[in-house]
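If you're wondering where the values come from, they're calculated on a predicted model, not measured in any experiment. We're numbering straight along the sequence, starting at 1. First listed ligand is number 1; within each ligand, the first listed atom is number 1.
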Amino acid sequence: MTQKILILPGDGIGPEIIAEAAKALECLRQEFGLDIGLEYGLLGGGAVDTLGSPYPMATDRQARAADAILLGAVGGPKWDGYDRPLRPEQGLAAIRRQLGLFANLRPTLHYPQLASLSPLKPELVAGLDLLVVRESTGDVYFGQPRGIRSLENGEREGFNTMVYRTSEIERIARVAFEAARRRHRKLCSVDKANTLETSQLWREVVEQVALDYPDVALSHLYVDNAVIQLVRAPRQFDVIVTGNLFGDILSNGAAMLSGSLGILPSASLDASGKGLFEPMHGSAPDIAGKGMANPLAAILSAAMLLRYGLQQPELAGRIERAVAQVLDQGLRTVDIMAEGMTPVGTQEMGDAVVAALAA
Ligand code: IPM
Ligand code: MG
């Protein structure tokens with residue numbers, strides 16, 4: 001049966017990079033019998049401009065009907081002054097929340113071809129293969145009450161609520177343990193249990209879930225120490241599981257160890273494994289429309305979509321190998337360029353991946 005893929009190009013460089021990912025999927029459809037139909041929708045700033053909401057009802061309907069969703073990126077200076085409900089980022093938060101996409105998987109892989117780009121010494125990152133499992137529909141990003149209020153003395157006060165229920169912690173812990181089981185059977189849970197009750201409960205529940213996974217070695221780190229360890233000796237990690245706030249920050253820090261956000265994909269999955277797949281980078285408005293953005297994170301997001309969303313690991317592997325091949329050939333967009341190399345543009349990079357795929 002034909003599987004429906006909803007494509008949400010979004011804002012900034014989103015449309016440019018997504019076009020290249022769509023080309024790769026189209027190539028698999030034509031050459032390798034992948035039975036998919038692509039449909040397009042609006043999310044983020046563009047959706048605010050045309051439909052008055054960063055996550056319009058029409059997009060919600062399309063998303064629910066789709067088998068998997070591929071997203072570019074959202075946001076840009078144009079919408080920075082808008083009220084919070086109309087900001088593009090709210091569209092992303094809303095689609096994750098409303099579709100129950102609570103498990104955000106953010107892999108950081110070290111590419112030997114890009115070794116010189118890592119801010120860490122080569123010997124610290126060689127062979128790095130780390131997965132951050134970030135809870136993404138709870139925590140202080142969604143907790144109530146929240147707001148900005150005026151105090152009697154005339155000051156204003158901003159407030160948010162950090163909150164996690166046992167069921168939320170349990171389900172993300174299970175995703176992380178399962179992932180660890182398919183990898184190197186090591187899981188590190190990151191929290192701030194020395195200061196926050198939310199984290200204290202988090203730790204208790206994770207330990208409870210661990211009883212079902214005796215084959216996975218569980219450890220705990222406070223988030224401040226986790227940052228130190230990530231920079232000091234990142235290869236000690238296999239899978240990290242953490243809440244929304246810590247995961248937002250830690251996953252981006254971890255991602256930079258590979259040298260560039262421009263090549264890293266991510267997945268947000270619901271309880272049944274249905275998901276939204278998107279690059280880890282943002283909409284890069286400063287280079288939007290110039291044809292210089294790196295499409296590899298978007299293309300590798302399409303690979304993650306095939307692997308996790310459509311259960312097509314073989315085709316996912318084809319995309320991943322094609323990307324490795326173009327890197328081996330020395331093709332680089334500006335963000336991943338090393339000295340003495342000539343950069344290629346977004347389309348050239350996409351075309352090279354498609355050529356490698358079809359070969
Ligand atoms: C991310 C993004 C989002 C988040 C923003 C845009 C709401 O930064 O995917 O990390 O922090 O959840
Ligand atoms: Mg973020």
Problem set entry | Nitrogen or oxygen atoms of R96 and ligand 1 under 3.5 Å apart | yes
Do [X] and [Y] meet the criterion of a side-chain donor-acceptor pair at a distance under 3.5 Å?
X: Q200; Y: T198; value: no
X: D191; Y: S199; value: no
X: Q347; Y: D351; value: no
X: E26; Y: Q30; value: yes

Exercise. Starting from atom 11 (O) of ligand 1, which protein heavy atom do you reach first, and at what distance in Å?
Worked result: D248 OD2, 2.9 Å
Exercise. Do L201 and Y164 touch side chain to side chain, with heavy atoms closer than 4.5 Å?
Worked result: no
Problem set entry | E89, R106, E278, R134: member with heavy atom nearest to atom 12 (O) of ligand 1 | R134
Seminar exercise, completed: Note on the Mg ion (ligand 2): protein N/O/S atoms within less than 2.8 Å are D248 OD1
Exercise. If you draw the axis of the six-membered ring of Y213, does the NZ or CZ of R181 fall within 45° of it and under 6.0 Å from the ring centre?
Worked result: no
Exercise. Do you know the tightest heavy-atom contact between H110 and V125?
Worked result: CG-O, 3.2 Å
